[in-house]
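A quick write-up on the structure given underneath.
These values consider heavy atoms only, across backbone and side chains, with no hydrogens, waters or symmetry-generated copies.
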Amino acid sequence: MLRDPYTYVTLSLSPGNPANVGISFYSPELRAGASVLDSGRPYFAITSPSVDVTVSTTAAGPVTPRDVEIARQIVQAASRYLAECERLVTQQPTDSDQLALPGVDGSAA
């Protein structure tokens with residue numbers, strides 16, 4: 001079952017607790033990029049037509065060792081995501097494979 005692309009955003013507010021924002025992208029309209037601002041501060045961004053997410057340095061200040069660790073975690077997670085997507089796309093039937101299956105083109109099996 002195919003669904004239309006979408007972005008899912010949740011905001012949870014509870015007295016005495018920090019706000020919690022969740023963003024899930026289920027869209028081919030994503031862009032990922034990184035750059036450095038004129039101030040010299042690096043940033044990483046994931047954008048869609050409906051939501052932008054930006055990651056930058058702690059307190060928008062100078063780069064800290066923790067910022068470097070977070071950047072490494074982003075790269076490692078993105079590498080795992082890429083590897084899994086590449087693995088799965090090679091296992092999916094192509095359009096021509098689907099047409100060759102009995103009953104898929106509307107004919108009787």
Heavy-atom closest contact ([X] atom, [Y] atom, distance):
X: Gly61; Y: Arg41; value: O-CD, 4.0 Å
X: Phe25; Y: Val53; value: CZ-CG2, 4.0 Å
X: Ser56; Y: Asp67; value: O-OD1, 4.4 Å
X: Val36; Y: Tyr43; value: N-CE2, 4.3 Å
X: Thr57; Y: Pro42; value: CG2-CD, 3.9 Å

Examine [X] and [Y] and state if one hydrophobic cluster contains both, with Ile, Leu, Val, Met, Phe, Trp and Tyr joined whenever side-chain heavy atoms are less than 4.5 Å apart.
X: Ile46; Y: Leu11; result: yes
X: Val9; Y: Tyr6; result: no
X: Val55; Y: Val63; result: no
X: Ile74; Y: Leu30; result: yes

For Glu84, all residues meeting salt bridge (charged side-chain N to carboxylate O under 4.0 Å, His left out), sequence neighbours excluded: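 Salt bridge (charged side-chain N to carboxylate O under 4.0 Å, His left out) list for Glu84, sorted by chain: Arg87.
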
Roughly how far, to the nearest 0.5 Å, is CG of Asp52 from OG1 of Thr7?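 With rounding to 0.5 Å, OG1 (Thr7) is 10.0 Å from CG (Asp52).
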
As an exercise, state the distance from OG of Ser79 to OH of Tyr81, rounded to the nearest 0.5 Å.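 One finds 13.0 Å between OG of Ser79 and OH of Tyr81.
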
Counting only N and O atoms by type, is there a donor-acceptor contact under 3.5 Å from the side chain of Ser48 to the main-chain atoms of Val51?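 The answer is yes, because a donor-acceptor pair under 3.5 Å joins these two groups.
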
